[in-house]
Amino acid sequence: MSHMVYGTRKSRLQRSTLAVPASNPEMVEKACKSEADVVFLDLEDAVAPNDKEQARKNAIQLLNDLDWAGHNKVTSVRINGLDTHYMYRDVVDVVEQAGDKLDIVLIPKVGTPSDVYMVEAMLNQIEMAKGFSRKIGIEALIETPLGMANVEAIAAMPSRLEAMHFGVADYAAFHKARTVNIGGLNPNYPGDQWHAALSRMTTACRAYGIRPIDGPFGDFSDPDGFRDACKRGAALGIEGKWAIHPSQIALANEEYSPTEAEVTRAERILEALKEAAAQGKGAASLDGKMIDAASEKMAKNVLAVQDELKKRAA
């Protein structure tokens, strides 16, 4: 193990992240009452230019008026890009007027560490001016070739960055990739064309204590395809996935939650290793398979998620 170890910056239960346009208050109200772990009010791609200012006003009012805490919701706002004139007012207005109800600012199309630094500097100043005692987290959308080329540097920079999301739609567009469905697999590609990008982002996240989150799956009439995407992400170590339609929330929650069998096995692994340690052994055998310190870490990962789910249910 390296002497340089980066601890987890912020743990959150984020199996499902529901995207909802702030230009539609009725949808936001439904999102607040949904089973999603995180809800982000979108001020960017889902909002037409002529609706940007009203969407921002809606976001402020809805953050303040709805019972987000009572519905166990982590609240987020996706601001407009740093290359637009909407972005600075998104940060200033939303944080000044509803910052005490906001958990996360989601930055789209992050390309370099300085993009995160700019938003963090604004948050620092607003929080000091308003006297907020709780810091708002930052999440970065990696959805451009520049962002992926710099993903390790973005993750490594000391900041309040706590998660990265893979924005597959813009990523495909910037690459001029031929796709059949946002986030889906192209049958002409021998495997998963998003694997390399997701794996690289996940590795950067895990190296520096950041949560990796997968982005949208566009065909909400294909639950099996969505499930498969969740399974592939979970196999890589990703913690959750976007839901762009309410029907995808339960699927994401299920696929990114440990099964009863996984929890039972994790508990048995810890017990078996405890017994082995009492006998002076560093490894053990369980169901005909060797288990060791790495098995213990994986088992604790499973039980940590289960503990969060128990707290949520309490």
Quick one: closest heavy-atom pair of Val39 and Lys73, and the distance?
CG2-CD, 3.8 Å
Within a reach of under 6.0 Å around CD of Glu267, are more than 12 heavy atoms found that belong to other residues, nucleotides or ligands?
yes
Under the side-chain hydrogen bond (donor to acceptor under 3.5 Å, both in side chains) test, residues paired with Asn124 that sit two or more places apart:
Arg160
Distance alone, cut at 3.5 Å: any donor-acceptor contact between the side chains of Ser257 and Glu254?
no
Side-chain contact, heavy-atom cut-off 4.5 Å: Ile249 with Leu18?
yes
Within a strict 4.5 Å, meaning less than it, do heavy atoms of the Glu162 and Ile138 side chains meet?
no
Under the side-chain hydrogen bond (donor to acceptor under 3.5 Å, both in side chains) test, residues paired with Asp228 that sit two or more places apart:
none
side-chain contact (heavy atoms from CB on, under 4.5 Å) between Arg178 and Asn188, worked out
CA-CA 9 Å; Arg178 294 185 177 181; Asn188 295 317; over 6 Å; no
Is the shortest heavy-atom distance from the side chain of Val119 to the side chain of Ile79 under 4.5 Å?
yes
My understanding is that only residues two or more places apart in sequence, or in another chain, count here; which of them pass salt bridge (charged side-chain N to carboxylate O under 4.0 Å, His left out) with Glu255?
Arg227, Lys231
Taking side-chain hydrogen bond (donor to acceptor under 3.5 Å, both in side chains) as the definition, give me every residue that meets it alongside Asp42, ordered by chain and number, with sequence neighbours left out.
Arg78
Verify side-chain hydrogen bond (donor to acceptor under 3.5 Å, both in side chains) between Asp103 and Thr75, making sure each step is shown before the conclusion.
CA-CA 5 Å; Asp103 295 307; Thr75 57; 3.2 Å; yes
Hits for ring pair (Phe, Tyr, Trp, His ring centres under 6.0 Å) against His71, two or more places apart or cross-chain, chain-then-number order -> none
Within a strict 4.5 Å, meaning less than it, do heavy atoms of the Asn181 and Phe217 side chains meet?
yes
Quick one: which residue pairs count as a side-chain hydrogen bond (donor to acceptor under 3.5 Å, both in side chains) with a foot in residues 194-206, not counting sequence neighbours?
Glu152-Arg200, Arg206-Glu239
Quick one: list whatever passes salt bridge (charged side-chain N to carboxylate O under 4.0 Å, His left out) with Glu139, sequence neighbours left out.
Arg211
Does Phe220 have any ring pair (Phe, Tyr, Trp, His ring centres under 6.0 Å) partners at least two apart in sequence or in another chain, and if so, which?
His245
Could you check whether any side-chain heavy atom of Thr179 comes within less than 4.5 Å of a side-chain heavy atom of Asn186, counting everything from C-beta outward?
no
Hydrophobic cluster of Leu13, others only, ordered by chain and residue number, side-chain cut-off 4.5 Å:
Val305, Leu309
Under a 4.5 Å cut-off applied to non-hydrogen side-chain atoms, are Glu296 and Asp292 in contact?
no
Quiz question: by atom type and distance under 3.5 Å, do the side chains of Ser16 and Asn253 form a donor-acceptor pair?
yes
Within 6.0 angstrom of Glu35 CD, more than 12 heavy atoms from elsewhere
no
Qualifying side-chain hydrogen bond (donor to acceptor under 3.5 Å, both in side chains) pairs, either residue in residues 303-314, two or more places apart:
Asp37-Arg312
Contacts of Phe40 that satisfy ring pair (Phe, Tyr, Trp, His ring centres under 6.0 Å) - sequence neighbours left out:
Trp242
With sequence neighbours excluded, what pairs up with Tyr86 under the ring pair (Phe, Tyr, Trp, His ring centres under 6.0 Å) test?
none
Is any side-chain heavy atom of Glu29 closer than 4.5 Å to a side-chain heavy atom of Leu66?
yes
Lys241 side chain near Phe226 side chain, heavy-atom distance below 4.5 Å:
yes
